[in-house]
Peer 1: 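Right, I'll just put the structure down here and ask away after.
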Protein chains: 2
Amino acid sequence: MPSPHRSRADRRRATELRILNSARELFAEKGFDRTTIRAVATAAGVDPALVMQYFGSKRELFTQAVQAFPALPAATDTDALVDQLLATLDLKLGGLPEGTLVMLRSMLTDPAAADHVRETLDRQIDSVSAALPAAEDPELRAALVITTLLGVTIGHQFLGLAALRDVPADRIASLLRPAFKALTGPPD
Amino acid sequence: MPSPHRSRADRRRATELRILNSARELFAEKGFDRTTIRAVATAAGVDPALVMQYFGSKRELFTQAVQAFPALPAATDTDALVDQLLATLDLKLGGLPEGTLVMLRSMLTDPAAADHVRETLDRQIDSVSAALPAAEDPELRAALVITTLLGVTIGHQFLGLAALRDVPADRIASLLRPAFKALTGPPD
DNA sequence: CCATTCACTCAACACGTGTTGACCCAACCA
DNA sequence: TGGTTGGGTCAACACGTGTTGAGTGAATGG
């Protein structure tokens with residue numbers, strides 16, 4: 001059922017976007033393997049063949065459905081860095097962008113997704129590490145901070161751990177803050 | 001190629017075990033969806049139909065391939081608890097039992113695996129929480145400790161983050177210790 | 001020694017998948 | 001108005017999957 005009176009190019013872009021959105025939603029919810037081209041097509045109200053025609057392959061559709069993680073804001077001061085990292089918790093626990101969910105969901109079972117996540121986290125670690133000039137082993141400390149956030153995110157967003165349900169993000173942040181301070185700079 | 005002179009019952013148990021071990025290895029490496037009955041059978045040197053005959057279904061084989069996480073040792077003292085938690089890092093970073101790898105690998109894409117992991121972690125959280133009588137929000141604190149360990153494990157074991165490669169477990173433990181102390185009991 | 005049990009294999013079914021090529025018809029353009 | 005483009009559908013192929021039922025032959029036990 002085509003929407004009324006629109007130019008051919010407009011409709012083309014609209015359905016392509018509809019497909020991409022359905023794909024993101026399904027990939028984020030069920031992962032790469034369990035998301036079928038047919039399911040995406042149905043969700044978008046379109047024939048499976050059209051999905052192929054537009055994106056070439058399921059793998060390519062997956063790639064397009066992923067969007068880069070939001071870059072971490074730079075910080076040179078350690079205290080400010082911790083605050084900024086904790087500020088991202090709101091995002092991580094509430095409305096993580098769907099393109100990010102797509103990556104995280106499949107990272108343990110799809111090597112391509114794992115690569116993408118690894119590269120992204122490595123980059124984030126470098127970025128955090130660069131803001132820890134005073135401490136020793138800055139890269140390792142940064143990695144522990146980032147993986148901690150990853151673990152909390154997984155426990156909350158994907159596993160739905162009881163102890164994390166209905167806990168406001170700033171409560172978690174306030175408990176995590178002293179831990180991150182201990183991690184990023186030792187008490188001397 | 002039957003191994004020589006053994007009783008029928010012995011050989012039966014032996015091949016059943018061989019199948020189970022192959023299954024564990026493959027499930028741990030590739031996850032539920034990408035592990036095929038045929039691949040398990042081939043790895044065990046056996047016909048696919050035999051796998052079905054012994055385990056009934058792929059799902060049942062998966063269930064059998066999972067073994068319970070090693071229970072957390074109890075501790076009533078906070079400092080001792082932190083030490084014990086960090087002592088598990090050796091295990092988590094080195095030779096995590098394959099049955100555990102199976103669960104973790106599939107937890108993001110297979111709901112049954114997610115259930116199992118959630119239940120296990122909930123139990124661990126309760127256990128840790130019980131050892132934190134003094135602090136407020138003990139359950140939440142426990143959950144943050146456990147999810148931190150989860151995140152570090154994933155970053156190291158499954159993603160292979162560069163910053164965690166070739167870092168001895170006790171180095172990580174020594175950096176994590178002050179963070180866990182800050183998390184389990186506030187500086188008063 | 002013979003009948004039976006049973007570990008194990010073979011061949012196939014039913015189904016869902018990604019992917020493809022032929023086709024249709026409304027929008028466009030001269 | 002008529003020919004062409006191109007968004008979109010239809011039907012099918014080739015393949016891999018979990019699963020099944022009939023069959024085979026050696027170990028068993030009386």
Side-chain angles (χ1 to χ4, degrees), chain A residues 1-24 26-27 29-65 102 106 109-113, chain B residues 1-24 26-27 29-65 102 106 109-113:
Chain A
M1 44 191 70
S3 41
H5 50 69
R6 281 213 274 171
S7 96
R8 198 134 78 170
D10 278 352
R11 297 203 48 223
R12 150 92 201 214
R13 246 170 308 148
T15 64
E16 186 168 333
L17 204 79
R18 222 169 53 239
I19 293 174
L20 201 57
N21 284 337
S22 303
R24 254 198 280 271
L26 288 171
F27 278 136
E29 185 188 335
K30 307 163 87 74
F32 181 84
D33 289 329
R34 295 192 180 183
T35 297
T36 72
I37 294 277
R38 284 171 224 266
V40 171
T42 301
V46 133
D47 191 276
L50 195 65
V51 177
M52 295 304 295
Q53 193 176 140
Y54 283 179
F55 294 91
S57 70
K58 182 185 178 181
R59 176 60 59 181
E60 185 58 29
L61 176 62
F62 181 77
T63 302
Q64 302 267 346
V102 169
S106 294
T109 38
D110 183 79
Chain B
M1 44 189 75
S3 38
H5 51 71
R6 281 212 278 173
S7 96
R8 195 134 80 171
D10 278 353
R11 297 204 48 219
R12 149 93 200 213
R13 245 171 308 150
T15 63
E16 185 167 333
L17 204 80
R18 222 169 53 238
I19 293 173
L20 201 57
N21 284 337
S22 303
R24 252 197 282 271
L26 287 171
F27 279 138
E29 184 187 336
K30 309 163 84 77
F32 182 84
D33 289 328
R34 295 193 179 182
T35 297
T36 73
I37 295 276
R38 285 170 223 265
V40 171
T42 301
V46 133
D47 190 276
L50 194 65
V51 177
M52 295 303 295
Q53 193 177 139
Y54 282 178
F55 294 91
S57 70
K58 180 183 178 181
R59 175 61 59 184
E60 184 58 28
L61 176 61
F62 182 77
T63 302
Q64 303 266 348
V102 170
S106 294
T109 38
D110 183 79

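Here is how names work: the chains are called A, B, and so on, in the same order as the sequence lines, proteins then strands, and each is numbered from 1. Keep in mind it's a predicted model, so treat the numbers as computed, not measured.
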Peer 1: Got Phe55(B) and Leu20(B) here, is their nearest side-chain heavy-atom distance under 4.5 Å?
Peer 2: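 Yes, their side chains come closer than 4.5 Å.
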
Peer 1: Given dG7(D), is OP1 or OP2 found less than 4.0 Å from the side-chain N or O atoms of Arg11(A)?
Peer 2: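 No, no such contact exists.
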
Peer 1: What's the spacing between Glu16(A) CD and Ile19(A) CD1 if we round to 0.5 Å?
Peer 2: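 Taking CD in Glu16(A) and CD1 in Ile19(A), the distance rounds to 7.0 Å.
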
Peer 1: Under 4.5 Å between any side-chain heavy atoms of Val51(A) and Leu61(A), yes or no?
Peer 2: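 In short, these two side chains touch, coming nearer than 4.5 Å.
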
Peer 1: Residues two or more places apart in sequence or in another chain: which of them pass salt bridge (Lys or Arg N to Asp or Glu O under 4.0 Å) with Arg59(A)?
Peer 2: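 Arg59(A) satisfies salt bridge (Lys or Arg N to Asp or Glu O under 4.0 Å) with Asp110(A) once adjacent residues are dropped.
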
Peer 1: Looking at residues at least two apart in the chain, or sitting in another chain, which of them share a salt bridge (Lys or Arg N to Asp or Glu O under 4.0 Å) with Arg13(B)?
Peer 2: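 Per chain and number, Arg13(B) pairs via salt bridge (Lys or Arg N to Asp or Glu O under 4.0 Å) with Asp10(B).
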
Peer 1: Nearest whole angstrom, please: distance from the C1' of dG6(D) to the CD of Glu16(A).
Peer 2: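 The distance from CD of Glu16(A) to C1' of dG6(D) comes to 14 Å, rounded to the nearest Å.
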
Peer 1: Take Ala49(B) and Asp47(A), find for each the nucleotide of DNA chain C with the closest heavy atom, and name the residue whose nucleotide sits nearer the 5' end.
Peer 2: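 So the residue in question is Ala49(B).
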
Peer 1: Name the first nucleotide and the last nucleotide along DNA chain C (5' to 3') that come under 4.0 Å of a heavy atom in chain A.
Peer 2: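 With heavy atoms of chain A under 4.0 Å away, the range is dT17(C) to dC28(C).
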
Peer 1: Mind checking the CZ-CG spacing from Arg34(A) to Asp33(B)? Nearest 0.5 Å is all I need.
Peer 2: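 Reported to 0.5 Å precision, the distance equals 4.0 Å.
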
Peer 1: Any idea which heavy atoms bring Arg24(A) and Gln64(A) closest together, and the distance?
Peer 2: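 Where Arg24(A) meets Gln64(A) most closely, the heavy atoms are NH1-O, 3.8 Å.
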
Peer 1: By a strict heavy-atom criterion of less than 4.0 Å, which residues belonging to residues 50-60 of chain A are in contact with DNA chain C?
Peer 2: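 Only Met52(A), Ser57(A), Lys58(A) qualify.
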
Peer 1: Donor-acceptor pairs under 3.5 Å, side chain of residues 35-49 of chain B to any protein atom, not counting sequence neighbours: which ones?
Peer 2:
from: Thr35(B); atom 1: OG1; to: Leu26(B); atom 2: O; distance (Å): 3.2
from: Thr35(B); atom 1: OG1; to: Gly31(B); atom 2: O; distance (Å): 2.7
from: Thr36(B); atom 1: OG1; to: Ala39(B); atom 2: N; distance (Å): 2.9
from: Thr42(B); atom 1: OG1; to: Arg38(B); atom 2: O; distance (Å): 2.9
from: Asp47(B); atom 1: OD1; to: Ala49(B); atom 2: N; distance (Å): 2.8

Peer 1: State whether Phe32(B) and Lys58(B) meet the cation-pi test: NZ (Lys) or CZ (Arg) under 6.0 Å from the six-membered ring centroid, and within 45° of the perpendicular axis.
Peer 2: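 Yes; both conditions hold, so Lys58(B) lies above the ring face of Phe32(B).
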
Peer 1: Please examine the side chains of Leu50(A) and Gln53(A), heavy atoms only from C-beta on, and report whether any two atoms are closer than 4.5 Å.
Peer 2: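 Contact flag for Gln53(A)/Leu50(A) side chains = yes.
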
Peer 1: Polar-atom pairs under 3.5 Å, protein N or O versus N or O of nucleotides 23-29 of chain D: list them with distances, or write none.
Peer 2:
from: dA27(D); atom 1: N3; to: Arg8(B); atom 2: NH1; distance (Å): 3.3
from: dT28(D); atom 1: OP1; to: Arg8(B); atom 2: N; distance (Å): 3.0

